[in-house]
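To keep things clear, I will list the structure first and then write my remarks on it.
What you see below is based on every heavy atom in this structure, not just the backbone, and it leaves out hydrogens, waters and symmetry mates. Treat the numbers as computed from the prediction; the structure is a model and nothing was measured. Position 1 is the first residue of the sequence, and the numbers go up from there.
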Amino acid sequence: MRLHPRLHILQCIKQLVVIAFITVLFSYSTGYCDTYFVALEPLPPFINKGFVKNNDPGLSVELLKKIEKKIGAKFVFAEVPYGRLKLGLKNRLYDLVGHMPYLNEVEEFYTYALDVDWSIDVAMDLYVAKRKFLSNPTRLKIGIPRGNKDFAAEYTGLPLGLFYDKGSIESLLEMLVRGRIDAYWFPRASTVPHLRKMGHKIYYKKLPIKSLPIGFSVPNTERGRKLKAAMEDALQQIETRELFKEIYEFNEMPDEGEIN
């Protein structure tokens, strides 16, 4: 029997409502909560370049995927330069960013952001091709990846004008060995593997002597605070020391030496 057009429309609407209701019930029953937009700057081995589609995304991405499962949420990842992480967080474009210097960002950052209460220490080094440069870094042209020079100047106490942030880790290390910059400053765990592959003798010195704790940050909003609390609860249930074992090994290297 053929239905009247109006009755047919009403029946279709009822079917759509039932489908929508079942979808909502299924979402709750499977523990689905929120979708969070996560912006990360490549910082190997924590966050490897191309991590969104990479089979080896990095240690910190592995940690975030463990957290994602524990809190029943969906993380949508994006690869973003460091300078845009802060701008995006300030404009509430991202729900979570990393890695950020835990409780060590510039003062203005904490007017709109909060750090997740978790961090891992990393050694920060100054690298030079000529050992004598280590004795007086205040006269050096120091390379650092894009978007990091404001933080680098504040954290090291060196003048902002010394820092050159016009390249990637790889390109800046090439500039260092060719003498186009005097020095390079960045985390040891991200720098030493590249130097070992390059095969050039490079000297390093930990600067400052205290290691830098790094972690994740959220916007200072109700949604951000909710995610922060959920992550902190999940992190108490995850054994992070084993996951970041190789980072601890880098941290145990001498405070000054050479890479060749």
Side-chain angles (χ1 to χ4, degrees), residues 33-54 57-122 124 144-155 163 165 168-169 185-187 189-190 211-235 238 240 243-244 247:
C33 186
D34 288 316
T35 297
Y36 293 105
F37 295 95
V38 181
L40 305 173
E41 179 200 26
L43 182 69
F46 300 97
I47 302 163
N48 293 332
K49 191 173 182 180
F51 68 88
V52 176
K53 297 181 180 180
N54 197 333
L59 304 175
S60 296
V61 182
E62 290 181 25
L63 174 62
L64 288 172
K65 289 182 177 180
K66 291 178 182 290
I67 293 172
E68 180 184 33
K69 290 180 180 179
K70 286 194 174 291
I71 68 176
K74 173 67 176 175
F75 286 168
V76 177
F77 294 97
E79 188 171 315
V80 177
Y82 187 77
R84 283 172 50 199
L85 291 182
K86 295 196 287 186
L87 182 62
L89 201 62
K90 186 174 185 178
N91 293 325
R92 301 181 183 180
L93 299 177
Y94 311 132
D95 297 305
L96 182 71
V97 301
H99 277 300
M100 311 304 290
Y102 177 67
L103 302 180
N104 275 282
E105 249 296 346
V106 295
E107 186 176 346
E108 192 259 347
F109 179 76
Y110 295 105
T111 63
Y112 58 83
L114 296 169
D115 288 340
V116 175
D117 190 16
W118 175 87
S119 65
I120 179 170
D121 286 348
V122 294
M124 308 294 291
I144 189 168
R146 294 182 186 92
N148 289 276
K149 67 179 182 180
D150 288 338
F151 163 71
E154 181 161 315
Y155 191 67
F163 291 95
D165 67 341
S168 63
I169 296 175
W185 184 83
F186 214 51
S190 302
S211 294
L212 173 70
I214 61 174
F216 304 101
S217 302
V218 298
N220 189 5
T221 61
E222 182 178 353
R223 178 177 171 85
R225 291 189 291 273
K226 175 185 175 184
L227 177 58
K228 169 178 156 70
M231 288 185 65
E232 290 168 353
D233 182 61
L235 282 160
I238 299 172
T240 58
L243 178 61
F244 290 96
I247 307 303

Partner set under side chain to side chain donor-acceptor pair (under 3.5 Å) for [X], not counting sequence neighbours:
| X | answer |
| --- | --- |
| Y110 | D115 |
| R146 | none |
| T240 | none |

If you look only at distance, which donor and acceptor atoms sit under 3.5 Å apart when one is on a side chain in residues 42-54 and the other is two or more places apart or in another chain?
| residue | atom | partner | partner atom | Å |
| --- | --- | --- | --- | --- |
| N48 | ND2 | D56 | O | 2.7 |
| N54 | OD1 | D56 | N | 2.8 |

Do [X] and [Y] come within less than 4.5 Å of each other through their side chains, counting heavy atoms only?
| X | Y | answer |
| --- | --- | --- |
| D121 | P213 | yes |
| N220 | Y112 | no |
| F216 | L235 | no |

Which residue pairs satisfy the side-chain hydrogen bond (donor to acceptor under 3.5 Å, both in side chains) criterion with at least one member in residues 79-88, sequence neighbours excluded?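 Applying side-chain hydrogen bond (donor to acceptor under 3.5 Å, both in side chains) to every pair that reaches into residues 79-88, excluding sequence neighbours, yields Y82-E105, K86-E105.
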ring-ring contact (aromatic ring centres under 6.0 Å, His included) with Y94: which residues, sequence neighbours excluded? none
So which atom in [X] and which in [Y] form the shortest heavy-atom distance, rounded to 0.1 Å?
| X | Y | result |
| --- | --- | --- |
| Y155 | S211 | OH-O, 3.4 Å |
| G224 | V218 | O-CG2, 3.4 Å |
| L85 | V97 | O-CG1, 3.9 Å |

When you look at CZ of R225, are more than 12 heavy atoms from neighbouring residues, nucleotides or ligands closer to it than 6.0 Å?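 Yes - once you tally the heavy atoms of other residues, nucleotides and ligands closer than 6.0 Å, there are more than 12.
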By side chain to side chain contact (heavy atoms under 4.5 Å, CB included) - contacts of [X] (at least two apart):
| X | value |
| --- | --- |
| A113 | L89, F109 |
| D233 | Q237 |
| R223 | D34, Y36, D95, T221 |

Given the rule in the side-chain contact (heavy atoms from CB on, under 4.5 Å) test, do Y102 and L212 qualify, once you have shown the distances and angles that lead to the verdict? CA-CA 8 Å; Y102 177 67; L212 173 70; over 6 Å; no
Among residues at least two apart in sequence or on other chains, which ones pass salt bridge (charged side-chain N to carboxylate O under 4.0 Å, His left out) with E232? K228
What pairs with E108 under salt bridge (charged side-chain N to carboxylate O under 4.0 Å, His left out), at least two apart in sequence or on another chain? K90
Show me the donor-acceptor pairs, under 3.5 Å and distance only, between side chains in residues 60-72 and residues at least two apart or in other chains.
| residue | atom | partner | partner atom | Å |
| --- | --- | --- | --- | --- |
| S60 | OG | H99 | NE2 | 2.5 |
| E68 | OE2 | F75 | N | 2.7 |

Can you tell me how far apart CZ (F151) and CG (N104) are? Round to the nearest 0.5 Å.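 Rounded to the nearest 0.5 Å, the CZ-CG separation comes out at 6.0 Å.
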Rounded to the nearest 0.5 Å, how far does OG of S119 lie from CE of M100?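 OG of S119 is found 13.5 Å from CE of M100.
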After noting the C-alpha distance and the side-chain angles of V116 and L96, does the key distance pass the side-chain contact (heavy atoms from CB on, under 4.5 Å) rule? CA-CA 9 Å; V116 175; L96 182 71; 4.2 Å; yes
Intermediate values then yes/no, side-chain contact (heavy atoms from CB on, under 4.5 Å), F77 and V38: CA-CA 5 Å; F77 294 97; V38 181; 3.9 Å; yes
